[in-house]
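Inspection log for the structure reproduced underneath, given as structure tokens.
Since the structure is predicted, the reported quantities are computational estimates derived from the model, not experimental observations. Sequential numbering from 1 along the given sequence is applied to the chain's residues.
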Amino acid sequence: MATFGYLCPLILMCILVSSNAQLQQNFYAKSCPKAEKIILDYVHKHIPNAPSLAAALIRMHFHDCFVRGCDASVLLNFTSSTGNQTEKVGVPNLTLRGFSFIDNVKKIIEDECPGVVSCADIVALVARDSVVVTGGPSWNVPTGRRDGRISNASETLTDIPAPTSNFSTLQNDFAKKGLDLKDLVLLSGAHTIGVSHCSSFSTRLYNFTGTFGTQDPSLDSEYAANLKANKCKSINDNTTIVEMDPGSFRTFDLSYYKLLLKRRGLFQSDAALTTSTTTKSYIDQLVAGSLKEFYAEFAQSMEKMGRIEVKTGSDGEIRKHCAVVNS
């Protein structure tokens, strides 16, 4: 929601102090009219050959927006001149993928319209288009975001919700970004196409109370046994990849929520959604409803997330290369 100053003697001034005034559909209609079509065409050409990238790219968008807003700060590389470790090397981001995909899109866009389209908008548009191309929901992506110039690895640990989070931590993490419990449930639904490394949840299988051999009682015992026997065979496994929505992870559907109700959510943060009467009620409603209804509500939460702390107007910059700030 836009925030306004207490005095607006001119309509123009009112617009200028509105925090989201310059995010709009087809922001580049005049400055780079082919931009969104170029991005969509690239996604159409490459994502069907690597459909798992759709989940990686929506995750990148999420991780970008939760740290300093949706400003592409997640894309910045370490530079010796600043000596600053960037978000990219923060622990939550070590398993992010898709950076070269974004770089390739940016290069094509720069060839068409140099210095016009932000990396932040490219991340937001690519995330949406990748999900659509793989058969998932669409959502509005108003554009006009500008790129941030600051990126700190330490902020990833404080701002990005962890897979080990309990309900109150998740509630606080989302509330800090202007997102409510409904958004928490709906955005978690992206896990329907997700995969995870064992290291993100192996504590639930092997060391839940801090004593080796203890298992999370909230995890279905049959599912846990299957994971230990066939996937994460030791607590030290950092390489094996597990589907978050087994048997359906290539399909953007409601089965993730159905698994939660069977105590088969992979992360503690997934299981946490069933520990609050409010979020459990939202899950029950989604499971009882239609896929179309889920898509419509998911779309609203995604658009809302894409507006977190955006930089517009003269804030930030339009990077020439997504991995480095302009010199």
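With sequence neighbours excluded, the residues satisfying side chain to side chain contact (heavy atoms under 4.5 Å, CB included) with K34 are I38, E112. Residues meeting the side-chain hydrogen bond (donor to acceptor under 3.5 Å, both in side chains) test with D284, sequence neighbours left out: K280. Judged as a side chain to side chain contact (heavy atoms under 4.5 Å, CB included), and not counting sequence neighbours, the contacts of V132 are R128, S138. In this structure N77 satisfies the side chain to side chain contact (heavy atoms under 4.5 Å, CB included) test together with K88, A323, sequence neighbours excluded. Under the rule for a ring pair (Phe, Tyr, Trp, His ring centres under 6.0 Å), H61 has no partner lying at least two apart in sequence or in another chain. Annotation: salt bridge (charged side-chain N to carboxylate O under 4.0 Å, His left out) contacts of D103 (sequence neighbours excluded): none. When the ring pair (Phe, Tyr, Trp, His ring centres under 6.0 Å) test is applied to Y206, no partner is found at least two apart in sequence or on another chain. Every residue meeting the ring pair (Phe, Tyr, Trp, His ring centres under 6.0 Å) condition with F174, not counting sequence neighbours, appears here in chain and number order: F66.
Not one N or O on the side chain of N326 forms a donor-acceptor pair closer than 3.5 Å with the backbone of E317. Checked by atom type and distance alone, the side chain of D64 never pairs as donor or acceptor with a backbone atom of C70 at under 3.5 Å. With hydrogens and angles disregarded, a donor-acceptor distance shorter than 3.5 Å links the side chain of N84 to the backbone of S151. No side-chain donor-acceptor contact under 3.5 Å links R263 to the backbone of S221.
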Should R264 and E222 be marked as a side chain to side chain contact (heavy atoms under 4.5 Å, CB included) after you check the CA-CA gap, both sets of side-chain angles, and the distance that decides it?
CA-CA 9 Å; R264 292 190 170 203; E222 189 179 318; 3.8 Å; yes
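Within the structure, every pair that satisfies the ring pair (Phe, Tyr, Trp, His ring centres under 6.0 Å) test and touches residues 91-134, not counting sequence neighbours, is listed here: Y42-F101. Listed by first and then second residue, the ring pair (Phe, Tyr, Trp, His ring centres under 6.0 Å) pairs that reach into residues 109-134 come to none, sequence neighbours excluded. Applying the side-chain hydrogen bond (donor to acceptor under 3.5 Å, both in side chains) test to every pair with at least one member in residues 155-167, sequence neighbours left out, gives these pairs: R68-E155, N152-E155, N166-S168, N166-T169.
A continuous path of ILVMFWY side-chain contacts below 4.5 Å connects M302 to L254, so both sit in one hydrophobic cluster. Linking Ile, Leu, Val, Met, Phe, Trp and Tyr whenever their side-chain heavy atoms come within less than 4.5 Å leaves I160 and V195 in two separate clusters. Neither V89 nor F62 shares a network with the other; the hydrophobic side chains, linked directly or stepwise wherever heavy atoms of I, L, V, M, F, W or Y lie under 4.5 Å apart, form separate groups for each. In the hydrophobic clustering of ILVMFWY residues, with side-chain heavy atoms under 4.5 Å counting as a link, M60 and I58 come out together.
Counting heavy atoms from C-beta outward, D147 and D71 have side chains that stay 4.5 Å or more apart.
Between the side chains of R146 and S314, no donor-acceptor pair of N or O atoms lies under 3.5 Å.
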Side-chain donor-acceptor distances from residues 292-299 under 3.5 Å, at least two apart:
| residue | atom | partner | partner atom | Å |
| --- | --- | --- | --- | --- |
| E293 | OE1 | S290 | N | 2.8 |
| E293 | OE1 | S290 | OG | 3.4 |
| Y295 | OH | G135 | O | 3.4 |
| Y295 | OH | F252 | O | 2.6 |
| E297 | OE1 | K182 | NZ | 2.7 |

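In terms of heavy atoms, S200 sits closest to F267 at CB-CE2, 3.6 Å.
Considering K311, K106, R145 in turn, R145 is the only one that fulfils the salt bridge (Lys or Arg N to Asp or Glu O under 4.0 Å) rule with D121.
Annotation: Q25, atom CD; neighbour count of heavy atoms from other residues, nucleotides and ligands within 6.0 Å is above 12.
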